[in-house]
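Only this structure's heavy atoms are used, side chains among them; waters, hydrogens and symmetry mates stay out.
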Amino acid sequence: MAQETRQPSGTAHQVGTMAHSHAWPGPLPPGSAWIHVDTATAIVVTDPAGRIVLWSGAARALWGYAPEEVIGRSLTALFTTDGAALLHRDGRSVEARVRVSPLTASAQPAAEQPGGFLLTAAPQVAAEARPAYDDSPRDESQERLALLAEARTRIGAGLELEGTADELAELLVPRFADAVSVDLFEPVFDGELPAPVASGPVRLRRAAQRPGSFAAGARPVPGETRRHPASSPLSRCVATGRAELHDVTDPHMTRWLADDPATAAELRACAAHSLITVPIRARGSTLGAAAFLRQGASRESFAAADLTVAEDLVARAAICLDNARRFTRERGIALLLQSTLLPRGPILHPGAETAARYLPAGRAAEAGGDWFDVIPLPGTRVGLVVGDVVGHGIGASVTMGRLRTAVRTLADIDLQPDELLTRLDDMVTHPTQGTDDEADAVGYNAIPGDIGASCLYAVYDPVSGSCALARAGHPPPVLVRPDGTTQVVDVPAGPPLGLGSLPFEATEVAIPEGSLLALFTDGLVETRGHDIDERIDELRDALARPAPSLEDLCDTVLESLRSGTRTDDIALLVARTRILGEDQVAEWDVPADAAAVAEARRQVDERLTAWGLQEATFTMELVVSELVTNAIRYGTEPIRLRLIKERSLVCEVSDGSSTAPHLRRARVSDEGGRGLFLVAELTQRWGTRYTSAGKTIWAEQALARPPRS
């Protein structure tokens with residue numbers, strides 16, 4: 001680029017370009033250099049004080065200043081020297097790549113100063129020359145690269161379709177376009193893939209636009225669906241799968257504007273002149289289209305390079321949009337699975353009136369593993385359960401369903417709360433009897449969330465008015481008495497499910513009739529930036545407020561504890577307890593004497609007559625006779641007989657033995673062994689439950705429904 005030759009000492013020299021030559025102000029020191037410079041490069045030469053001593057013809061062409069305007073002036077007066085000097089030409093910044101620094105005698109020769117040239121004189125430096133280039137094209141390229149780099153970090157931060165589309169529009173307005181719109185096919189918003197697109201009109205739903213006034217359409221708003229004619233660039237690009245660049249003022253755009261007069265009026269109103277439409281394609285499917293618009297006389301039209309940039313940006317956004325679509329689909333499946341597994345509506349039970357709520361987590365309403373259940377138990381008792389599975393999505397919902405089914409199965413065999421949690425923990429800890437490889441083969445280990453799951457199980461008895469509770473890594477419930485006083489029930493804290501070999505302990509509390517028992521998951525009281533104890537106090541206050549119904553109370557509780565950033569889903573179950581009246585329960589102590597069987601039948605006959613259930617007398621006498629006989633013959637004292645009349649007639653015989661009878665099929669020649677078989681045939685269902693004092697054999701007989709009036 002430059003050549004240097006030495007001249008005899010003491011001779012005056014001049015410095016210049018091949019096309020332009022400028023006299024050096026004053027004699028040069030001995031040993032000065034003569035530099036030939038390519039005319040395509042703008043050269044600025046300064047002396048050690050930073051004053052301009054040479055201004056080449058290329059510099060004049062680049063910045064528009066004549067040499068006489070700048071010679072002798074300080075370089076810093078013309079350039080912004082923050083590492084790279086800038087001059088302005090025609091309203092545009094031109095990066096000159098000029099660095100201003102004091103020159104000393106220790107300055108290096110030109111060969112060791114890349115991009116610069118030294119006019120040297122021993123032993124001091126006379127001046128420094130630096131080349132400058134018009135970097136406007138490079139600035140545009142760097143801006144495009146910067147947009148692509150930012151797109152990698154700013155687009156797709158979340159998994160919401162509208163949010164991802166808006167991130168693309170926000171990034172590009174006004175840096176790349178004056179207006180941007182993102183339109184998607186309707187099925188995409190439901191998480192589904194749209195059908196293949198053929199030529200013709202298309203219907204697209206707006207996902208995002210910037211600014212709000214115009215984005216390749218007549219003022220649609222996000223969420224609005226519009227029909228685009230076949231002549232529309234949006235329709236063509238989604239049909240062909242190719243991006244298009246248009247000059248809006250070209251005659252070939254006339255048909256589109258005639259088919260869509262509302263859009264034509266908007267284009268004229270905003271002085272639009274340049275349009276890019278790009279199909280949004282990801283993984284072989286077209287999800288929609290993006291449109292980029294430039295408007296106004298001061299804005300340059302899109303160029304071919306801009307079309308490439310738009311395609312690259314949309315390709316990046318398309319993957320993020322498809323990820324959001326997939327997440328939407330998975331979330332929908334998880335929510336559907338969750339809703340089908342959870343009880344629907346209030347559950348009617350003679351022992352308690354219940355109401356419940358489930359809220360998915362966060363803005364995205366992502367289904368998690370929180371769940372609740374109300375389980376009818378023998379003897380008009382009711383099981384109340386709330387659980388929480390770690391994680392979100394389909395895996396958490398599937399795990400929740402598996403645990404809920406297991407709890408119902410264990411509750412059906414009438415286990416005590418602590419024993420039920422022990423069995424449940426064992427099922428989680430040891431899911432299969434095979435090896436870990438076998439567990440992986442059947443797919444069990446493919447669904448996480450079991451380990452660390454929590455559960456609270458309570459059994460309320462409306463006959464005695466008592467409630468037995470146990471918990472596994474779960475928050476304790478809140479009890480609200482009829483007088484409005486509240487307390488957190490002191491239930492011994494058990495470990496979360498899946499740890500194994502750790503005991504669970506149950507507690508039993510007396511609950512007055514009309515009390516309120518609230519079971520909930522930690523998402524209700526654990527929010528970022530709030531103390532857990534304060535949230536518990538807020539919950540107690542909300543539960544104590546008067547409400548027309550339990551449904552209204554649930555809404556009040558959720559509204560009161562809405563503050564704070566919630567990242568977990570919520571399950572809330574409230575139950576208002578009842579106690580069966582004396583006219584619904586009859587109890588007798590039975591001596592361990594075979595003669596007491598006849599007396600027991602007589603007492604049952606009298607009570608059923610008093611209840612007006614004479615039609616059930618024959619069957620119940622047989623049931624009582626068999627169960628009391630077995631208790632006298634095989635059990636131990638104390639023996640107790642109880643009848644409960646509610647929706648069905650329940651007979652319970654308790655004794656102090658833990659040995660349970662077994663149903664067997666007697667042979668023709670056998671004289672016994674048919675008692676439980678008769679009980680099973682005559683009643684709707686029967687079973688055994690164990691208590692700390694022994695066992696209870698129960699049988700339930702259906703009652704005829706009274707005729708409708």
**OP:** Check step by step if side chain to side chain contact (heavy atoms under 4.5 Å, CB included) holds for Leu161 and Val188.
**Re:** CA-CA 9 Å; Leu161 277 168; Val188 176; 4.0 Å; yes
Could you check if a side-chain atom of Leu516 sits within less than 4.5 angstrom of a side-chain atom of Leu550, using non-hydrogen atoms only?
yes
With sequence neighbours left out, the residues meeting side chain to side chain donor-acceptor pair (under 3.5 Å) with Asp373 are Arg404, Arg408
(Q) Let's go through Leu543 and Val574 carefully: what are the C-alpha distance in whole Å and the side-chain angles of both, what is the deciding distance for side chain to side chain contact (heavy atoms under 4.5 Å, CB included) to 0.1 Å, and is it a yes or a no? (A) CA-CA 9 Å; Leu543 289 170; Val574 294; 4.3 Å; yes
Does Leu622 reach the side chain of Leu678, with side-chain heavy atoms less than 4.5 Å apart?
no
Note: Val624 and Cys651 closest approach over all heavy atoms is CG2-SG, 3.7 Å
Quick note, side-chain hydrogen bond (donor to acceptor under 3.5 Å, both in side chains) partners involving residues 374-386, not counting sequence neighbours, are Arg381-Asp414
Glu551 and Arg357 ion-paired at < 4.0 Å: yes
| said: Under a 3.5 Å distance rule, please check whether His349 uses its side chain to pair with a backbone N or O of Thr354 as donor and acceptor. | reply: no
query = Are side-chain N/O atoms of Ser560 and Arg545 paired as donor and acceptor at under 3.5 Å?
reply = yes
Can you confirm whether Tyr634 sits close enough to Ser657 that some side-chain heavy atom of one is under 4.5 Å from a side-chain heavy atom of the other? no
Side chain to side chain, Leu384 and Phe372, heavy atoms closer than 4.5 Å: no
Problem - Residues Glu526, Arg535: salt bridge by 4.0 Å N-O rule - result: no
Look at atom CZ of Arg647 and say whether more than 12 heavy atoms of other residues, nucleotides or ligands are closer to it than 6.0 Å.
-> yes
message: Checking side-chain polar atoms at under 3.5 Å, does Asp552 have a donor or acceptor matched by the opposite partner on Ser549?
response: yes
Check: Gly581 main-chain N/O paired with Gln584 side-chain donor or acceptor under 3.5 Å
yes
Rounded to the nearest 0.5 angstrom, the CG-CG distance for Leu524 and Leu561 is 5.0 Å
Taken to the nearest 0.5 Å, the spacing of Phe520 CZ from His474 NE2 works out to 7.0 Å
All heavy atoms of Leu420 vs all of Tyr457, minimum pair found to be CD1-CE2, 3.7 Å
Only one of Asn630, Val628, Ile639 passes side-chain contact (heavy atoms from CB on, under 4.5 Å) with Asp655, and that residue is Ile639
**Residue pair Asp490, Val509: steps toward the side chain to side chain contact (heavy atoms under 4.5 Å, CB included) verdict** = CA-CA 9 Å; Asp490 186 15; Val509 295; over 6 Å; no
Those residues at least two apart in sequence (or on a different chain) that pass side chain to side chain donor-acceptor pair (under 3.5 Å) with Glu700 are Ser648, Arg685
Discussion item. Just so I know, are the side chains of Leu539 and Asp541 near enough to count as touching, which here means a heavy-atom distance under 4.5 Å?
Written reply: no
Taking atom types as modelled, find out whether Ser466 and Glu508 have a side-chain donor-acceptor pair closer than 3.5 angstrom.
yes
Rounding to 0.5 Å, atoms CD (Glu505) and CZ (Arg471) come to a distance of 11.0 Å
Taking the side chain as C-beta and beyond, is there a heavy-atom pair between Phe189 and Pro187 under 4.5 Å?
no
Distance col, row Arg642:CZ vs Trp588:CH2, nearest 0.5 angstrom, shows 11.5 Å
| field | Any side-chain heavy-atom pair of Thr485 and Val480 under 4.5 Å | value | no
Should the pair Arg326-Glu330 be classified as a salt bridge under the 4.0 Å nitrogen-to-oxygen rule? no
*Are any side-chain N or O atoms of Trp611 and backbone N or O atoms of Asp583, one a donor and one an acceptor, separated by less than 3.5 Å?*
yes
Worksheet entry | Pair Arg481, Ser515: side-chain N/O donor-acceptor within cut-off below 3.5 Å | no
Heavy-atom distance under 4.5 Å between the side chains of Leu377 and Arg689, does that happen here?
no
Yes or no on side chain to side chain contact (heavy atoms under 4.5 Å, CB included) for Trp371 and Val407, after CA distance, side-chain angles and deciding distance? CA-CA 12 Å; Trp371 55 283; Val407 169; 3.7 Å; yes
Going by atom types only, do Asp370 and Thr521 share a side-chain donor-acceptor pair under 3.5 Å? yes
_For Arg601, is there any backbone N or O sitting under 3.5 Å from a side-chain donor or acceptor partner on Ser625?_
no
Here the pair of heavy atoms bringing Cys554 nearest to Ala356 is SG-N, 4.1 Å
Counting only N and O atoms by type, is there a donor-acceptor contact under 3.5 Å from the side chain of Thr617 to the main-chain atoms of Gln614? yes
dist Ile532:CD1 -> Asp522:CG (nearest 0.5 Å) comes out at 7.5 Å
message: Keeping Asp190 on the side-chain end and Glu192 on the backbone end, is there a donor-acceptor pair under 3.5 Å?
response: no
Separation between CD (Gln603) and CG (Leu641), nearest 0.5 Å, reads 7.5 Å
When every non-hydrogen atom of Val428 is compared with those of Gly498, the smallest separation belongs to CG1-CA, 3.7 Å
